[in-house]
Amino acid sequence: MAKYKIALLPGDGIGKDVMDAAQIVLDKLGLDAEYTQGDIGWEFWCREGDPLPKRTTELLRQTDCALFGAITSKPKEEAEAELAPELKGKGFVYASPIVRLRQEFNLRTNLRPCKAYKGNPLNFRDDIDIVVFRENTEDLYAGVEFHPLPAEVMETLVRNNKKMKRFESVPLEDIAVSLRINTRQGCRNIIRDSFEYAKKYGYKTVTVVEKPNVVRETSGLMVREARKIAAEYPGIELWEANIDAMCMWLIKNPQDYGVLVTSNLFGDIISDLCAQLIGGLGFSSSGNIGDNYAVFEPTHGSAPKYAGQYKVNPMAMLFTVKLMLDWLGESRMAERLEKACAGVIAEGVVRTYDMGGTNTSLDVASAVAARL
Ligand code: NAI
Ligand code: MG
């Protein structure tokens, strides 16, 4: 029996292209794993009314982790319009499968390393090595939203908070409310993970990125918990920054930062900013990590215009494989893969279009495999 069971979820569009690239590298690495393909994405929404069929979550429950490509999502009306005729009007509602995976498997930590590799012409600077920890299941993305605002919710809010008074006269159908919900445990978990990572990989600072001077309760909770946890890590400095100022500092002095830790929405924003500093979507990898399960994915989407052309940069996916190897505890293999990717980038001979080259995704994967 193989040491690991891994689910492969290529999904839509270039998700399939980069998954083929990943397989070239996984085969060459010789990871002792049994791979099973799972169904996820737009095709299954259109045909079955569910982009994440139950058989897929059941498959995931029998594996150690999953490697995911990308999916296509569309706004509500378009999603409805593309449903198979016999499914229309039956109450099917599209919900992002990746968000559902994060919630169903409690993948509470989103890890996004953003490291500049020498020789990448797309680097903003060559000395950037930032790792973003983003809380993955709470905050403004908890999905607790109201529009129109139910009358009893309005009454309760007005009774409990005098700042709600000025909204009392607004018609209920003209108010939309999205709750930012952050729990102490949620804050502690993401902060703990960020400090453990800093300790393990030798980062000197953890910067908590919030807005506690304005968003006092939720951002405040995060910063207060960060201070408590930081006290347990004497070798690592805690820095505090506001999300708005941080966007500026990340352009001005990105080389000064190490680990960043933040809540879900702010993390979504700064992780895209950080990804662009090191070459953009073709380089940005991520892990969605829980206590017992993890899903690894490049951060790009399905880029429909390039689907099936093997044109896009597979580096994001190959660095995603590296993250998966690290999480599985195969750190030697992870290191070999990172070195091989770095070697191909530095040599600058085999490159996809985004780096100014004409090679295919599979050429790049083969060049990496050749160095393993
Ligand atoms: P996208 O990430 O799919 O592509 C935007 C553009 O970035 C592409 O047209 C391409 O020029 C470039 N790009 C993306 N990946 C690249 C790579 N590996 N190498 C080189 N260039 C690359 O974002 P877009 O166009 O906004 O969304 C397309 C679809 O993907 C939508 O349906 C969207 O909902 C979905 N999406 C899915 C995500 C996921 O699966 N986690 C994340 C983001 C978007
Ligand atoms: Mg995002």
Side-chain angles (χ1 to χ4, degrees), residues 8-22 24-25 38-46 51-52 56 66-82 94-103 105 107 110-112 114 117 120-123 134 136 141 264 267-269 271-273 275-276 278-288 294-323 341 344-345 350-365 368:
L8 301 180
L9 308 173
D12 301 307
I14 62 163
K16 294 190 169 76
D17 302 27
V18 297
M19 189 63 82
D20 287 348
I24 292 175
V25 165
D39 296 337
I40 192 166
W42 198 248
E43 190 185 332
F44 303 98
W45 160 253
C46 298
L52 178 62
T56 304
L67 185 63
F68 169 66
I71 43 137
T72 296
S73 305
K74 297 183 189 179
K76 207 169 147 191
E77 290 75 23
E78 275 172 70
E80 177 75 28
E82 289 188 33
Y94 184 85
S96 159
I98 187 70
V99 174
R100 274 169 59 198
L101 281 178
R102 287 170 185 163
Q103 282 165 0
F105 288 82
L107 305 176
N110 191 291
L111 162 65
R112 287 229 214 161
C114 298
Y117 289 93
N120 182 356
L122 303 173
N123 286 342
R134 161 187 169 195
N136 218 12
Y141 292 7
N264 207 339
D268 199 4
I269 296 167
S271 53
D272 275 18
L273 198 167
Q276 193 55 44
I278 54 101
L281 291 170
F283 290 87
S284 173
S285 59
S286 80
N288 301 279
V295 176
F296 297 90
E297 50 161 341
T299 66
H300 60 72
S302 62
K305 68 178 176 195
Y306 295 133
Q309 299 175 27
Y310 294 104
K311 232 190 120 153
V312 296
N313 197 338
M315 282 295 173
M317 181 50 128
L318 301 184
F319 287 124
T320 300
V321 171
K322 178 213 174 260
L323 281 184
C341 290
V344 170
I345 294 168
V350 184
R351 286 177 166 178
T352 45
Y353 82 94
D354 55 321
M355 298 176 78
T358 54
N359 294 100
T360 68
S361 322
L362 304 182
D363 294 338
V364 173
V368 170

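As the structure lists them, so they are numbered: ligands from 1, and atoms in each ligand from 1. Because the structure is predicted, anything quoted here is derived from the model rather than measured.
- Taken to the nearest 0.5 Å, the CG atom of Leu111 stands 7.5 Å off from the OG atom of Ser285.
- Side chains of Pro121 and Met355 form a contact here, defined as non-hydrogen atoms less than 4.5 Å apart.
- For the pair Ile98 and Phe68, the minimum side-chain heavy-atom distance is below 4.5 Å.
- Assignment of Ala316 to the shell around ligand 1 is not supported, since no heavy atom sits closer than 4.0 Å.
- Protein non-hydrogen atoms do reach within 4.0 Å of atom 41 (N) of ligand 1.
- The closest protein non-hydrogen atom to atom 15 (N) of ligand 1 is His300 CB, 3.2 Å.
- Under the 4.0 Å distance rule, the nearest protein heavy atom to atom 36 (N) of ligand 1 falls inside the cut-off.
- There is no protein heavy atom less than 4.0 angstrom from atom 27 (O) of ligand 1.
- Using a 4.5 Å cut-off on side-chain heavy atoms (C-beta onward), Arg351 and Asn120 make no contact.
- Atom CG in Leu67 sits 9.0 Å away from atom CZ in Phe296 (nearest 0.5 Å).
- Of all the listed residues (Gly301, Gly41, Ser73), Ser73 holds the heavy atom that lies closest to atom 31 (C) of ligand 1.
- Distances from atom 9 (O) of ligand 1 to the protein include at least one heavy-atom value under 4.0 Å.
- Under a 4.0 Å heavy-atom criterion, Trp42 is not in contact with ligand 1.
- Between Trp45 and Tyr94, the ring planes are perpendicular. Angles over 60° get that label, and only those under 30° would be called parallel.
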